[in-house]
Engineer: 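I have a structure I would like to understand better, so I am pasting it below and will then ask my questions one at a time.
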Amino acid sequence: MQNTTNTFDYHVDKFADIEILRYRVTGFEALSLQQKQLIYHLSEAAQEGRDILFDQHYEHNLCIRRTLEAIYETHNETEKNVEEFNAFEIYLKRVWFSNGIHHHYSTDKLEITCSKEYFTSLLKKVPVSLLPLEKNETIDSFYTKIITLIYNPEIDKKRVNLADNQDLITSSANHFYKNVTQQEAEDFYNGLQDSSDLQPISYGLNSCLVKENGIIKEKTWKLNGMYTAAIEKIIYHLSNAMAFAENSKQKLIIEKLIAFYQTGNLQTFDEYSILWVKDTSSEIDFLNGFIETYGDPLGRKGSWEAIVNFINKEATQRTQTISNHAQWFEKHSPVNEKFKKTSVVGVSAKVITNAMLGGDSYPATPIGINLPNSNWIREVHGSKSVTIDNMMEAYHHAASGNGFNEEFMWSQHECELTEKYGYITDKLHTDLHECVGHGSGKMLDGVSPEALKAYGATIEETRADLFGLYFIADPMMVEIGLLPNMDAYKAEYYRFMLNGLMTQLVRIKLGDTIEESHMRNRQLIANWVFEKGQKQKCIEKRVQNNKTYIIIHDYVALRTLFGELLAEIQRIKSEGDYTAAKYLVEKYAIQIDYSLHKEILERYTALDIAPYKGFVNPTYEQVYNEYGEVIDIVPHYTESYTEQMLRYSKTKSYLPTYN
Ligand code: ZN
């Protein structure tokens, strides 16, 4: 609804299977100076653990990264301006993106596409003093080590191996364990755990498990322990941040986190997590520590991660408004009265604006956070669940320039509608789905919640989606200020039908069927509504120049059909009508028209859209007055991907090459 977006360039870089975007810290200007300073110091702390993550991912990562960077920096522009150097540069960019030499998503070893001979010639041009040699390491053995690690695909080929019937620890390249087998690691932790402890600490979360001289022990990541040089810096910035805490609770949270970094005591970490989950009043929030455990095949070791954010009041207000109208929605929904709840409570979600990403959240980032991970803390103290608004905004704007809409939408009219309203209506549909859709309706007495068995999940998602689709076109949306006018919802109707009938299939392999329940639900709705709507001539499929398009002629009639299907789906759910659920899902949700699928994949492939996205961070400048006092902090959005990565490697890099 604001027109400032067109001056902001979201696109930063594109290479291999990656696109790098920029996110905007909307609303930062409106924060108080104290809040800005808090964010500033937390952001500094968020950048200091990058080396930790590189080393956690693989013990040779820092050595390889520093070598590649030395090559990059010792070659001039003329030398860089050849095709083989470009292949080398892409490899370096991929290593930065993955925080190591294994793909961030598949965890397979990255392939370098310049020849070994060429790489060797680049490497040998670097002055020896600039290379990260170990004590007593000869330059020849260093060359051999680097070239072998990068070029031999069989050595340490997967960072996280989850394949059955293999030793998951020795076959995984990560640096969470060293010289121990899976059996030894499992025995070690089974020995520590007491099964009668109802509030167990997260054993193993903050350490590398090693065997030295036959003894298995943990090397803890803490001050004066493993990674101390980086942790010292993190503590320094957290201490600075503490002076600008918004309230005493928040100050205590930062204090606890510092104490955890100082001692490595996991009991302290649990105390910190409880304080953190209970703080719902501070406007600024952050994560900094060893959090997610996906990088460890045994699910114990926390990858270092940091996020700094603040509440997006406007967007949070939006989910609050929806939630406040839960009863109104229930009353006006098109389902049979006997399936309605007499009193409904909506849920409201906190929406945040991200200000800084670090470690495992950078450059690839989550769009939502749901923490802490400790099961007992979640049960006893609850969890925090938030969505990150400005990331979704960046994704949306980046997508509007990639040719996707122009390729698949029927005319300029639909493209413009999407450009204008697509972002707000997409979010609004999601909010309606989550805040009121799932919570609406009731089961009849005696009906088991499991009555729909394997079809249950798809039917439930269908119900929530239809609830959102029906109400997004209600004049009430304009009345309560969630949409600007009665044209806006059409953007979501068109997007939804196009996606459900065609474009979501780009994520499915040719010849496969649809399995995931959200994808099934979308196709179920789109196919059912299309079948009825085609007869009424309110929607059609038209082929032009061998390309299939969807044309919507009557949006109001479409809404009536969404309402009809919602009534039927609610009946199926309320009565536990397994036969009807099975019929709808089997008939509309699973099968794919082979030739249409083939056409869509060909059109999509031709667009050359990168499947993975990541972000560069803004930089924050402290503005001083004549007395040397900070009077403002200003975000800048000018740094390139390579500039940012090289800057972090120079100014936020304190760890030794091997840890
Ligand atoms: Zn859902």
Side-chain angles (χ1 to χ4, degrees), residues 315-316 318-323 325-326 329-330 333-335 339-341 344-351 366-371 378 383-389 391-392 395-396 423-443 449-474 477 482 489 492-493 495-497 499-500 503-504 507-508 514-529 562-563 565-574 576 581 584-585 588-590:
T316 303
R318 184 185 71 218
T319 69
Q320 189 65 55
T321 303
I322 293 169
S323 165
H325 286 80
F329 290 123
E330 190 74 354
S333 109
V335 315
F339 306 136
K340 289 183 182 181
K341 274 194 185 124
V344 208
V345 184
V347 233
S348 87
K350 185 180 169 190
V351 185
I367 54 168
I369 301 168
N370 190 333
L371 289 171
R378 294 174 75 88
S383 61
K384 258 195 236 180
S385 177
V386 299
T387 56
I388 310 177
D389 193 62
M391 297 301 162
M392 288 170 70
Y395 285 135
H396 172 80
Y423 175 53
I424 50 168
T425 55
D426 187 4
K427 280 199 301 191
L428 182 55
H429 183 220
T430 307
D431 289 341
L432 287 166
H433 175 122
E434 301 293 348
C435 301
V436 283
H438 279 305
S440 73
K442 69 168 183 193
M443 308 288 288
E450 276 84 45
L452 303 180
K453 295 178 197 157
Y455 302 106
T458 299
I459 292 295
E460 177 54 23
E461 293 308 326
T462 304
R463 204 173 68 86
D465 252 358
L466 284 165
F467 200 88
L469 286 166
Y470 183 76
F471 281 110
I472 201 171
D474 198 290
M477 289 294 127
L482 295 174
Y489 80 87
E492 178 61 11
Y493 273 23
R495 190 199 65 83
F496 189 93
M497 292 304 289
N499 187 51
T503 50
Q504 73 165 349
R507 290 156 61 189
I508 304 278
I514 300 180
E515 287 176 16
E516 200 274 327
S517 53
H518 291 84
M519 291 186 77
R520 282 188 171 184
N521 117 55
R522 292 180 204 126
Q523 178 166 298
L524 193 166
I525 296 173
N527 272 344
W528 189 95
V529 166
F562 287 135
L565 185 57
L566 174 57
E568 170 64 0
I569 294 287
Q570 183 62 56
R571 182 198 67 75
I572 291 170
K573 170 100 183 176
S574 294
L584 283 179
V585 174
Y588 296 103
I590 300 174

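Whatever order the structure lists ligands and atoms in, that order sets their numbers, starting from 1. Treat the numbers as computed from the prediction; the structure is a model and nothing was measured.
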Engineer: Hey, could you give me each pair passing salt bridge (charged side-chain N to carboxylate O under 4.0 Å, His left out) that has a residue in residues 515-526? Not counting sequence neighbours.
Structural biologist: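 Output for this query is empty, none listed.
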Engineer: Sequence neighbours excluded, which residues qualify as side-chain contact (heavy atoms from CB on, under 4.5 Å) partners of E434?
Structural biologist: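 Testing E434 for side-chain contact (heavy atoms from CB on, under 4.5 Å), a comparison that skips the adjacent residues, returns T430, H438.
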Engineer: How are the rings of F496 and F562 set relative to one another: parallel (under 30°), tilted (30 to 60°) or perpendicular (over 60°)?
Structural biologist: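 The arrangement is perpendicular - the two ring planes meet at more than 60°.
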Engineer: Are there any protein N/O/S atoms under 2.8 Å from the Zn ion (ligand 1), and if so, which?
Structural biologist: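 Result, waters dropped: H433 NE2, H438 NE2, E461 OE1.
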Engineer: Are F471 and F329 close enough that their ring centers fall under 6.0 Å?
Structural biologist: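 Ring centres of F329 and F471 closer than 6.0 Å.
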Engineer: With sequence neighbours excluded, tell me which residues meet side-chain contact (heavy atoms from CB on, under 4.5 Å) with A581.
Structural biologist: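 side-chain contact (heavy atoms from CB on, under 4.5 Å) list for A581, sorted by chain: L452, Y455, I459, I572.
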Engineer: At what distance, to the nearest 0.5 angstrom, does CG of L584 lie from CH2 of W528?
Structural biologist: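 The CG atom of L584 sits 8.5 Å away from the CH2 atom of W528.
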